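What follows is a set of notes on a single structure, which appears directly below.
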Amino acid sequence: MDTQILAAVVEADLGAARAQMALSLGWHIIVACLGVGMPAITLIAEWRGHRTGSPEYQRLAWRWAKAMGVLFAVGAVSGTILSFEMGLLWPGLMGIYGEVIGLPFAMEGIAFFIEAIFLGIYLYTWDRLPPVPHMLSGVPVVVAGVASAFFVVTANAWMQQPVGFDVSNDRIVAVDPWAAMFNPATPPQTVHMILAAFMVAGFLMASVYAVALLRGRNDRYHRLGFLIPFTVAAVITPIQIGVGDWAAHFVAENQPAKLAAMEGVFDTGRGVPLHLGGVVVDDEMRYSLNIPNGLSLLAHWDPNAEITGLEEFPEEDRPPVNVVHWSFQLMVGIGFALLGLAVWQAVAWWRFRTLPRSPWFLRAAALSGVASVLALESGWVVTEVGRQPWIVYGVLRTSEAVNPAPGLVYGFVVVSVVYVVLTVATVYVMRRLARDGPESVAPQERDVTDHRAT
Amino acid sequence: MPLPEITLAVLWLGLTAYVLFGGADFGGGAWDLLAGGAERGSRQRALVEHSIGPVWEANHVWLIFVIVLAWTGLPSVFAAVASTLYIPLTLVALGIIARGAAFAFRKASTELWQKRLFGATFAFSSVVTPFFLGAVAGAIASGRVPPGIAEGDLFTSWINPTSLISGALAVGTAAYLAAVYLIRDAQRFGAADLAEAFRRRAAATGAIVGVLSAAGLLVLRADAPRLFAELTSGAALPFLLLSVAFGIISLLLLVWGRFYLTVRATAALAVVGLLWGWGVAQYPWLLPGVSLEDAAATGTVLAASLAALAVGALLLLPSLWLLYAISQRADEQSGNGGSTGAST
């Protein structure tokens with residue numbers, strides 16, 4: 001009886017640790033995407049403003065820079081928490097494998113440092129540098145942001161495809177940190193993530209202006225505020241769908257249990273259909289719309305290719321199927337919906353040089369930001385939950401890596417409360433920034449003026 | 001020097017930078033907390049905000065650097081510390097969130113009640129966070145984190161005499177450094193009265209930190225005798241003497257009331273002496289029974305990480321110089337015209 005209670009407590013702590021990690025990662029990743037995507041989009045607006053002399057571009061660039069300043073601060077701290085949590089929640093992972101994935105994190109630290117420095121310079125010198133040097137000071141922010149995303153995702157890719165180390169008696173005896181960093185999962189995962197960051201940033205920013213346009217503020221400022229980020233995201237969307245296909249092929253080749261969970265396939269076989277929708281009950285996919293031979297074709301470019309089913313894996317080595325299956329469906333569905341939106345805009349632009357006239361376009365565009373975030377989160381659920389029960393695929397179980405100290409549940413509750421407050425405050429401040437009337441002061445200028453006025 | 005020693009030295013350099021720069025940013029928050037009511041304290045708060053605004057994120061990165069280097073270079077030690085001390089470290093993490101986010105939010109908000117709310121959060125967490133960081137340092141220094149995962153006591157490991165005094169010392173040091181740095185910032189801003197106020201505060205907190213350090217030594221004698229012996233008679237003694245000497249010089253310079261740029265250096269050196277004294281006194285033991293040699297990662301990892309950091313430093317140092325140069329030069333320009341406004 002006592003051992004049963006103990007087991008339940010341990011189970012609850014593991015659940016709490018996973019939930020806390022999911023919450024703080026899922027939160028940070030939204031801000032991180034904005035951190036990667038927004039500087040480039042802002043620079044495009046600033047550059048257009050410099051070339052055309054149009055004040056709307058300049059006002060947009062300034063407004064975005066100001067929002068970027070706030071979001072970067074929030075991203076910096078929410079990212080720091082993650083590096084704490086790696087040790088606080090998963091000491092069993094870091095104590096052994098910390099050195100294997102340390103190199104990309106060290107590089108990420110440098111890239112983040114450079115990003116922070118140049119963002120400081122970029123915001124601070126808004127009115128103090130001539131336009132071209134000022135824009136050049138923003139370029140390292142873009143490069144370092146993309147590099148940070150790359151480095152961090154290589155570490156996650158290693159957890160999917162752990163290579164580059166030798167273990168003997170639970171101790172690492174030899175490491176090739178470069179092989180670990182450039183593991184087979186690195187190329188598809190990093191490209192997929194970096195493109196996703198630009199999509200999320202673009203659609204989120206565009207949706208703010210879509211709402212304004214819907215409310216009748218149909219002026220050049222709001223139209224440009226919509227068009228610049230939307231175009232960036234729309235151009236990337238078809239590429240991202242291609243890259244997503246590449247990533248899925250990779251999973252099919254290298255993580256068959258994950259692919260089987262994504263598609264809810266239990267029986268190994270050839271010519272396996274693609275399941276749309278449906279729910280798994282008692283190890284069987286029900287109520288799904290089946291496209292004959294679809295999965296074999298998509299996963300291996302061969303309608304008769306063999307797909308490994310979950311039956312090949314012992315019960316304790318299988319990821320939870322419904323969560324992974326539905327997350328995957330959601331991500332793909334949203335991806336194609338966003339592609340449709342992008343095509344709609346492209347056709348209207350090609351024929352009339354304007355936005356589509358239907359209010360349904362703007363309504364859909366107003367939702368595109370939230371939708372792209374949903375797709376992002378679902379994608380990460382597929383990647384991370386699909387990897388379960390392993391924290392390092394095939395090498396270390398999540399349950400073996402978690403901090404055995406009691407009381408993780410309470411930590412999770414406290415952290416959740418803090419994140420709720422943080423979310424409310426962030427949304428509130430961002431809305432305020434969006435509502436403020438047009439101003440012409442530099443983002444960092446105001447504190448100086450305030451100081452002098454007091 | 002062999003790779004593990006170089007790695008540990010680089011890690012300690014990162015920690016030093018975090019204490020000197022990031023610590024001062026926390027100290028700025030502490031002075032914000034003590035600035036008084038919204039009316040009276042507004043100029044002081046504006047000065048603090050203006051001084052740490054452009055640089056705190058960059059300063060904060062040193063902490064990430066230390067954490068990442070710890071888990072890369074000393075993975076088992078990192079896991080032992082993080083798992084046993086997960087309560088104070090979780091509180092540090094939450095404090096970091098509250099401090100950074102509230103600071104950014106306050107800057108972006110315009111109404112008084114918002115500024116008050118975010119400001120109070122920023123200021124309060126600026127005091128709490130260094131306290132828990134100091135408590136963590138005290139736990140490691142007094143040998144209360146055993147090797148292995150979550151093997152130490154979850155509470156007494158960080159609620160003990162050494163942790164409490166080192167927590168207080170961390171808060172005091174942060175406030176002291178901030179006050180010292182703010183004198184010159186206030187001067188450059190043309191606010192002579194604020195410069196004078198921070199000079200007095202710097203002298204007072206300097207004295208308090210001196211007393212706390214002496215008390216800390218007494219606590220160590222009872223609580224961590226080996227560390228005490230190393231500090232007072234071993235290889236760490238020169239660092240301790242250096243710290244005491246520069247502490248006294250700083251105090252004299254502050255009381256005398258000149259050379260505010262020099263005081264920045266001497267005050268920083270006093271803190272550096274304390275930090276490196278601890279490091280040298282503890283070396284080569286990281287945890288009870290775990291030496292650097294036992295805990296260090298494999299040579300290939302250390303070599304690759306150090307090489308990456310060296311290349312990174314080549315990019316970072318000029319960038320950092322550019323940031324500080326730009327923010328200080330901009331101050332001088334805006335400070336020229338601001339003297340009348342700021343001193344009313």
Side-chain angles (χ1 to χ4, degrees), chain A residues 69-70 72-74 76-78 80-81 83-88 91-92 94-99 102-103 105-107 109-110 112-114 116-118 120-121 124-125 128 172-178 403-405 411 414-415 418 422 425-426 429 432-433 444 447-448 450-454, chain B residues 42-43 46-47 49-50 53-55 57-58 60-61 63-65 67-69 71-73 75-76 78-80 82-83 86 89-90 92-94 96-97 100-101 103-105 107-109 149-150 154 297-298 300-301 304-305 308-309 312 315-316 319-320 322-323 326-327 330 334 338 341-342:
Chain A
V70 175
F72 188 79
V74 176
V77 290
S78 63
T80 308
I81 304 323
S83 61
F84 272 78
E85 285 173 341
M86 297 287 274
L88 300 178
M94 302 313 287
I96 303 173
Y97 299 101
E99 60 178 296
L103 180 65
F105 280 108
M107 295 181 173
I110 294 165
F112 180 73
F113 216 148
I114 289 175
I117 290 170
F118 279 93
I121 293 175
Y124 207 79
T125 58
R128 295 186 171 104
I172 298 275
V173 287
V175 180
D176 180 350
W178 297 100
N403 189 348
V414 175
V415 168
V418 169
L422 184 65
T426 308
V429 170
R432 271 208 60 95
L433 282 183
Q444 298 289 323
D447 58 312
V448 182
D450 279 357
H451 183 87
R452 287 211 239 154
T454 45
Chain B
S42 70
R43 286 180 51 238
L47 175 69
E49 181 168 312
H50 181 70
V55 293
E57 279 148 327
H60 171 78
V61 184
L63 177 65
I64 301 176
F65 172 85
I67 293 175
V68 168
L69 206 55
W71 87 45
T72 309
S76 59
F78 173 75
S83 54
Y86 93 90
L89 283 170
T90 300
V92 167
L94 297 179
I96 286 171
I97 287 200
F103 182 71
F105 291 159
K107 201 166 196 162
S109 50
I149 287 171
L154 288 181
T298 54
T300 48
V301 170
S305 306
L309 291 177
L315 295 170
L316 272 176
S319 313
L320 262 181
L322 195 65
L323 173 70
I326 285 176
S327 71
S334 64

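Being a predicted model, the structure only gives us computed values, none of them experimental. Within every chain, numbering begins at 1; the chains are lettered A, B, ... in the order of the sequence lines, protein sequences first and strands thereafter.
Only the side chain of B:Leu63 comes within contact range of chain A, with at least one heavy atom under 4.5 Å from a heavy atom of that chain. Contacts of A:Met107 with chain B are made by side-chain atoms alone, with heavy-atom separations under 4.5 Å and no backbone atom involved. With a 4.5 angstrom heavy-atom cutoff, B:Ile96 touches chain A via backbone and side-chain atoms both. Contact of A:Pro177 with chain B is made through the side chain alone, with heavy-atom distances under 4.5 Å.
Evaluation of the side chain to side chain contact (heavy atoms under 4.5 Å, CB included) rule for B:Leu315 yields A:Ile114 as partners, not counting sequence neighbours. Shown here are the ring pair (Phe, Tyr, Trp, His ring centres under 6.0 Å) partners of A:Tyr97, two or more places apart in sequence or in another chain: A:Trp158, A:Phe165.
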Exercise for review: Using the side chain to side chain contact (heavy atoms under 4.5 Å, CB included) rule, take A:Phe113 and B:Leu320 through it: C-alpha gap first, then chi angles, then the decisive distance, then the call.
Suggested key: CA-CA 9 Å; A:Phe113 216 148; B:Leu320 262 181; 4.3 Å; yes
Review point. What's the verdict on side chain to side chain contact (heavy atoms under 4.5 Å, CB included) for A:Leu103 and B:Val301, showing C-alpha distance, side-chain angles and the deciding distance?
Key: CA-CA 7 Å; A:Leu103 180 65; B:Val301 170; over 6 Å; no
Check your understanding: Can you list the steps and then say if B:Thr90 with A:Phe84 is a side chain to side chain contact (heavy atoms under 4.5 Å, CB included)?
Key -> CA-CA 8 Å; B:Thr90 300; A:Phe84 272 78; over 6 Å; no
Practice item. Report the C-alpha distance between A:Ile117 and B:Val61 in whole Å, list the side-chain angles of each, state the deciding distance to 0.1 Å, and finish with yes or no for side chain to side chain contact (heavy atoms under 4.5 Å, CB included). Key: CA-CA 10 Å; A:Ile117 290 170; B:Val61 184; over 6 Å; no
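Residue with the most contacts toward chain A among B:Leu316, B:Ile64, B:Ile67, B:Leu94: B:Leu316 (heavy-atom pairs, distance under 4.5 Å). Each of A:Gly92, A:Ser83, A:Ala174 has some count of heavy-atom pairs under 4.5 Å with chain B, and the biggest count is that of A:Ser83.
Taking 4.5 Å as the limit, every side-chain heavy atom of A:Ile110 sits out of range of all side-chain heavy atoms of B:Phe65. Using a 4.5 Å cut-off on side-chain heavy atoms (C-beta onward), B:Thr298 and A:Val173 make no contact.
The shortest non-hydrogen separation linking B:Ala150 to A:Asn403 is CB-OD1, 3.5 Å. In terms of heavy-atom proximity, B:Ser319 sits nearest to A:Phe118 at OG-CE1, 3.4 Å. Closest approach of B:Ala101 and A:Leu422 over heavy atoms only: CB-CD1, 3.6 Å. For the residue pair A:Ala73 and B:Ala104, the shortest heavy atom distance occurs at CB-CB, 3.5 Å. Closest approach of B:Phe78 and A:Gly87 over heavy atoms only: CE2-CA, 3.5 Å. Residues B:Pro75 and A:Met94 come closest through the heavy atom pair CB-O, 3.4 Å.
The structure places CD1 of B:Ile326 at 9.5 Å from CZ of A:Arg128, a figure rounded to the nearest 0.5 Å.
A donor-acceptor distance shorter than 3.5 angstrom exists from the side chain of B:Thr300 to the backbone of A:Val175, with no hydrogens or angles considered.
Aromatic ring pairs are classed by plane angle as parallel below 30°, tilted from 30° to 60° and perpendicular above 60°; the pair A:Phe105 and B:Trp71 is perpendicular.
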